[in-house]
Amino acid sequence: MQPDSRGYFGDFGGRFVPEVLVAALAELEAEVQSAFASPAFWDEYHAILRDFVGRPSPVYAAQRYGRNNGGAALAFKREDLNHTGAHKINNTVGQALLARRMGKKRIIAETGAGQHGVATATVGAKFGIPVEVYMGALDVERQALNVYIMKLLGATVHPVEGGTRTLKDATNEAFRQWAARVDDTFYVIGSVVGAHPYPYIVREFQKVIGVEARRQCLEQFGRLPSDVVACVGGGSNAMGIFAGFLSDTNVRLWGVEAAGEGLESGRTAAAISAGSIGVLHGSRSYVLQTGEGQVMETHSISAGLDYPGVGPEHAHLKASGRAQYVPVTDSEALDAFFEFSRDEGIIPALESSHAIAFARKLAQERGPDDLILVNLSGRGDKDIAQVRNMRR
Ligand SMILES: *Cc1c(COP(=O)(O)O)cnc(C)c1O
């Protein structure tokens with residue numbers, strides 16, 4: 001669906017920003033309307049996705065994983081095969097095209113683990129636009145390899161010292177930097193979060209996942225999936241695949257949140273399952289917050305899901321009942337990471353492992369005629385050093 005004229009999906013979304021950014025967001029919205037109405041814009045976007053990113057990504061029917069108890073068949077949309085190893089590049093290509101169209105001289109981005117920073121630095125290099133990345137100082141220490149890769153690609157990385165020195169603080173800083181230099185700066189947001197029109201823009205650039213996957217299911221299996229499953233951090237890979245199936249009302253949609261050590265443990269990142277409605281980073285949605293509205297510290301084994309909010313369109317899909325949101329713990333995701341690697345010869349990202357873990361549980365409840373489509377949002381190479389120190 002389209003957000004309404006105030007940028008709301010039902011009761012969620014909006015534009016809760018300081019005065020200076022209201023005009024910048026309105027300018028962006030006007031530009032997006034003209035770009036999205038232009039076939040030439042989309043032709044260029046799709047040509048880059050084909051030649052630079054390697055799309056379309058395949059849909060792959062699992063051979064062994066989850067096939068042992070006679071449940072539903074599992075198929076995987078292979079976003080892990082994209083250039084840079086995840087779905088994030090679909091969005092950064094699109095936003096870099098918008099930045100160039102608007103004549104902006106500089107791109108800024110926030111990053112947590114560094115995956116969005118790398119995807120942004122990659123398109124900055126490709127388009128010849130300088131990129132500055134804001135990253136929590138703790139994350140800079142924890143993700144030294146991605147910091148190096150961003151620099152290798154020509155980007156500048158600014159460690160952010162405030163707060164918990166993680167993604168939430170990096171996002172606050174990126175908004176501040178944008179407000180300070182809106183005239184020549186384009187802010188590339190990494191998920192379907194932030195003030196209107198960002199959740200809409202990012203979803204439109206990730207929608208290619210669902211549009212391709214729907215066609216591929218019909219071609220390869222002669223039917224639509226019974227269920228579509230994706231992990232949810234901010235929610236961009238999930239919104240991207242869901243978007244292809246929203247009007248197929250008999251296809252059930254499942255968003256899998258990172259429960260961390262458990263919903264009740266206080267060490268979780270499941271904003272819908274364990275949070276409440278509030279405002280974070282410019283829009284109204286579910287937030288992990290205290291009774292006083294203080295944003296809580298989050299935890300997940302997977303850095304890409306370790307965020308206290310969730311995109312407003314997911315809050316709306318939850319409210320309308322069109323999608324369901326379920327938690328998967330660190331330990332369940334880690335089991336799926338190992339088992340999927342061994343059974344399929346594909347090492348999934350820890351983020352994607354949350355979706356894989358839930359899909360297997362669901363497959364056991366469904367019959368052999370059902371088909372569960374899982375978004376394999378990224379590859380796990382980035383997680384190997386972390387996992388290696390944990391077990392087995
Ligand atoms: C960043 C990331 C995610 C989480 O972000 P969403 O916006 O929720 O998609 C999931 N999977 C991978 C591989 C990522 O890099």
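For ligands, and for the atoms within them, numbers begin at 1 and follow the listed sequence.
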Could you check whether any side-chain heavy atom of [X] comes within less than 4.5 Å of a side-chain heavy atom of [Y], counting everything from C-beta outward?
| X | Y | result |
| --- | --- | --- |
| Phe205 | Tyr200 | no |
| Arg252 | Ser226 | yes |
| Glu313 | Val192 | no |
| Gln115 | Lys382 | yes |

For [atom], find the nearest protein heavy atom and state the residue, atom name and distance (0.1 Å precision).
| atom | answer |
| --- | --- |
| atom 1 (C) of ligand 1 | Lys88 NZ, 1.4 Å |
| atom 10 (C) of ligand 1 | Glu351 CB, 3.5 Å |
| atom 6 (P) of ligand 1 | Ser236 N, 3.3 Å |
| atom 4 (C) of ligand 1 | Gly304 O, 3.3 Å |

Query raised in the report: For Ser236, which of Arg203, His87, Lys88 qualifies under side chain to side chain donor-acceptor pair (under 3.5 Å)?
Result: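 That would be His87.
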
Query - From the candidates Asp383, Thr84, Asn237, the one that places a heavy atom nearest atom 9 (O) of ligand 1 - result: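 When every heavy atom of Asp383, Thr84, Asn237 is considered, Asn237 comes closest to atom 9 (O) of ligand 1.
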
Query raised in the report: Does an N or O from Gln115, backbone or side chain, lie closer than 3.5 Å to an N or O of ligand 1?
Result: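 No, Gln115 has no N/O under 3.5 Å of an N/O on ligand 1.
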
Query raised in the report: Under 3.5 Å between some N or O of ligand 1 and some N or O of Val192?
Result: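 N/O-N/O distance below 3.5 Å does not exist for this pair.
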
**Report entry** Neighbour count >12 (heavy atoms, 6.0 Å) for atom NZ, Lys105
**Finding:**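 For Lys105, atom NZ is not crowded (no more than 12 foreign heavy atoms under 6.0 Å).
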
Output the list of atoms in ligand 1 that are nearer than 4.0 Å to some heavy atom of [X], sorted by atom number.
| X | answer |
| --- | --- |
| Gly233 | 8 (O) |
| Gly378 | 13 (C) |
| Ser377 | 10 (C), 11 (N), 12 (C), 13 (C) |
| Cys231 | 10 (C) |

Query raised in the report: Does ligand 1 have any atom that is closer than 4.0 Å to a heavy atom of His87?
Result: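 His87: in contact with ligand 1 (<4.0 Å).
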
**Report entry** Tyr325 and Trp254 aromatic centres sub-6.0 Å
**Finding:**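 Judged by ring-centre distance (under 6.0 Å), Tyr325 and Trp254 do not meet the cut-off.
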
Report task. Run through Val228, Leu224, Ile241 and flag the one making a side chain to side chain contact (heavy atoms under 4.5 Å, CB included) with Arg214. Result ->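 Result for side chain to side chain contact (heavy atoms under 4.5 Å, CB included) with Arg214: Leu224.
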
